[in-house]
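The structure appears right after this line, and notes come after that.
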Amino acid sequence: MLQLKVIRDDKNRIVNGLRKRGWSVQQTKVINSILETDDRRRSTQKELDDLLAENKILSKQIGQLMGQGKTGEAEALKTRVAGIKEQAKQLEDQFAEVKKQLDDLLYSVPNCPHKSVPKGKTPDDNKIAKAWDKPFPSLPPDALPHWELAKKYNLFDFELGVKLTGAGFPVYRGKGAKLQRALIQFFLDEAIKAGFEEVIPPLLVNEDTARGTGQLPDKEAQMYTCERDNLYLIPTAEVPVTNILRDEILPEKSLPVKMTAYTPCFRREAGAWGAHVRGLNRVHQFDKIEIVQVEHPDRSYQTLQQMVRHVGKLLQKLELPYRILLLCGGDMGFASAKTFDFEVWSAAQQRWLEVSSVSNFETFQSNRMQLRFRDAEGKIQLAHTLNGSALALARVVAALLENNQTPEGIRIPKALHRYTGFKVIV
RNA sequence: GGAGGAGUGCCAGAGUGGUUGAAUGGAGCGGUCUUGAAAACCGCCGUACUCGUAAGGGUACCGGGGGUUCGAAUCCCUCCUCCUCCGCCA
């Protein structure tokens, strides 16, 4: 969530940022409510603190009087304290209520977009940061979409997934399964080469963790829950991995912290289904390699570019046509300050598929998580958090299969040969 | 799942109702000494919110939440976690 201090000191910037996300002037009034609520919170706290301070002093006096055996005087003080306690109790309730109001308001406000983020409401307003300037693969007229190819070559099976679980849970098999494993291994190796430490986090997380990265309360409906145990299935490795550093104060020299993780991701995608989401385009469970960085605020945008380059290199090695979008304010995720999306060209479907999203969250997540570092002067500051998919498998597989289909079978890009052990799927 | 024990600052570890935000030791930082280093000695060394231009105050926090009390790290309830033993098990 946004820092109160920033809202207070830099209100106009925040309001303008929300406007960039497509908020109406009316909607941005919430910022005023936040400031008013915070004023109430502060005055209530002051009142309460003063009262508690008085209580404390009197209590000490009672202790001394008791020690001296002056029970009468002590009793007199006790009655005075009783009144203060009554008052304090009321103020405490009041304070808790104001605090909750304030938190609810703060949780309802998304991150403020970076100044370089274009204004806009829908994907149409996104800017193309890097277009594909080479020819697209030309496919034979009888080219098949990946869900047909999957049947033809027995690579994965949606019907079987329905039997076992439900729609959107594919079963990969044979070379399809091997291809999954090859991609996972390839992406992890590339990340490790780029200096990321591999971690294998839990796939189920608790409430605090889900709140830390902003899944709660904003995106609750997106997650599968285990209500009995009050746990959530992770929608992305970002959630457990970033939270590894929750409530930490890092030495400045340990920045940047670079971590990578392969995990399956679980997404309910409630209400998101339609004709355009066939096959692997959208599924409830998919595999993804995530890269996460915790960085010094001065360097985070440099680091964002670095991560973008890393993802670009992966797609080049996979020989996939891709483009990079700079998301507009309205299309960005709730917690993000700046996001680049990667899309690969799916030749048989004749459309772009999103395969990666690389974002800088600045202090939005670290503020919730209390993820901080001690700077050169010994002062404690919130760190910046960043993450990106490098990469999400399902759609990469879709594009890979479609773009590389030939009459002789599906050609596997060279970079993967050592991982798959085969060069073509026949 | 059953029985017992324990959770205190960066770490180790005192503290069982009164001036304790917390002894002591270690680590770390600064200094004295030294050609340099080590040793020795001296000093500093929690976080959040809040009042204040500042100096400097106030409040909260000893696993989480709640309670008893004028007063709780210390007593009670509850949850979580860890350890030991038993059971079960990939």
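Letters A, B, ... are given to chains in the order of the sequence lines, protein chains preceding strands, and every chain is numbered from 1. Bear in mind the structure is a predicted one, so any value in this text is a computation, not a measurement.
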(message) Give me the distance, rounded to whole Å, that separates rC51(B) from rA39(B) when you measure between the C1' atoms they each carry.
(response) 47 Å
(request) Check the distance between rG66(B)'s P and Glu92(A)'s CD and give it to me in whole angstrom. (result) 9 Å
(message) So that I know where these two stand, are His114(A) and Tyr301(A) an aromatic pair - ring centroids less than 6.0 Å apart?
(response) yes
(message) Can you check the distance between rC76(B) and rA54(B), where both ends of the measurement are the C1' atom (answer in whole Å)?
(response) 46 Å
(request) Take atom P in rG64(B) and the same atom in rG9(B), then report the distance between them in whole Å. (result) 10 Å
(request) For rA12(B) versus rA6(B), give the span between their C1' atoms, rounded off to a whole number of Å. (result) 16 Å
(message) When the P atoms of rU34(B) and rG25(B) are compared, how many Å lie between them, rounded to an integer?
(response) 27 Å
(message) Rounded to whole Å, please give me the gap between NZ in Lys78(A) and P in rG18(B).
(response) 15 Å
(request) Grab the CG-P distance between Leu382(A) and rC49(B) for me, whole Å please. (result) 9 Å
(request) Would you indicate what Glu75(A) reaches in the nucleic acid, counting non-hydrogen atoms under 4.0 angstrom: base, sugar-phosphate, or nothing? (result) nothing
(message) Can you identify which nucleotide, out of rG18(B), rC51(B), rU59(B), has its nearest atom closest to the Lys56(A) side chain?
(response) rU59(B)
(request) State whether Tyr153(A) and Lys175(A) meet the cation-pi test: NZ (Lys) or CZ (Arg) under 6.0 Å from the six-membered ring centroid, and within 45° of the perpendicular axis. (result) no
(message) In this structure, how many angstroms lie between the C1' atom of rC10(B) and the NZ atom of Lys253(A), rounded?
(response) 13 Å
(message) Tell me the interatomic distance from Asp38(A), atom CG, to rU50(B), atom C1', rounded to whole angstroms.
(response) 11 Å
(request) Provide, to the nearest angstrom, the distance between the NZ atom belonging to Lys379(A) and the P atom belonging to rG46(B). (result) 18 Å
(request) Check every atom of rC70(B), rG58(B), rC51(B) against the side chain of Arg42(A) and return the nucleotide holding the closest atom. (result) rC51(B)
(message) From C-beta outward on Leu52(A), which listed nucleotide comes closest to its side chain: rG71(B), rC51(B), rA60(B)?
(response) rA60(B)
(request) With the side chain of Gln370(A) defined as its heavy atoms from C-beta on, choose the nearest nucleotide among rA48(B), rU19(B), rU69(B). (result) rA48(B)
(message) Assess whether a salt bridge exists between Lys46(A) and Asp49(A), defined as any Lys/Arg side-chain N lying under 4.0 Å from an Asp/Glu carboxylate O.
(response) no
(request) Could you measure between the two P atoms, the one in rU8(B) and the one in rA23(B), and give it in whole Å? (result) 16 Å
(message) Under 4.0 Å between a side-chain nitrogen and a carboxylate oxygen: does that hold for Glu86(A) and Lys89(A)?
(response) no
(message) Say we look at rU16(B) and rA73(B): how far apart would their P atoms be, to the nearest angstrom?
(response) 13 Å
(request) In whole angstrom, give the distance that lies between atom CD of Glu54(A) and atom P of rU19(B). (result) 20 Å
(message) Could you tell me how far apart Leu245(A) (CG) and rC10(B) (P) are, to the nearest whole angstrom?
(response) 16 Å
(request) Please measure how far the C1' atom in rC83(B) lies from the corresponding atom in rG63(B), and state the result in whole Å. (result) 15 Å
(message) I want to verify a distance call: between rU59(B), rG67(B), rC70(B), whose nearest atom is closest to the Lys89(A) side chain?
(response) rG67(B)
(request) With Gln365(A) as reference, evaluate Thr213(A), Thr385(A), Asn111(A) under the side chain to side chain donor-acceptor pair (under 3.5 Å) test and give the passing residue. (result) Thr385(A)
(request) Take Lys46(A) and Arg374(A), find for each the nucleotide of RNA chain B with the closest heavy atom, and name the residue whose nucleotide sits nearer the 5' end. (result) Arg374(A)
(request) Look at Asp125(A) together with Lys119(A) and state whether they make a salt bridge at an N to O cut-off of under 4.0 Å. (result) no
(message) Looking only at the side chain of Arg41(A) (C-beta and beyond, no hydrogens), which of the listed nucleotides rA48(B), rC49(B), rU59(B) gets closest?
(response) rC49(B)
(request) Tell me which nucleotide among rC51(B), rU47(B), rC70(B) gets nearest to the side chain of Asn55(A). (result) rC70(B)
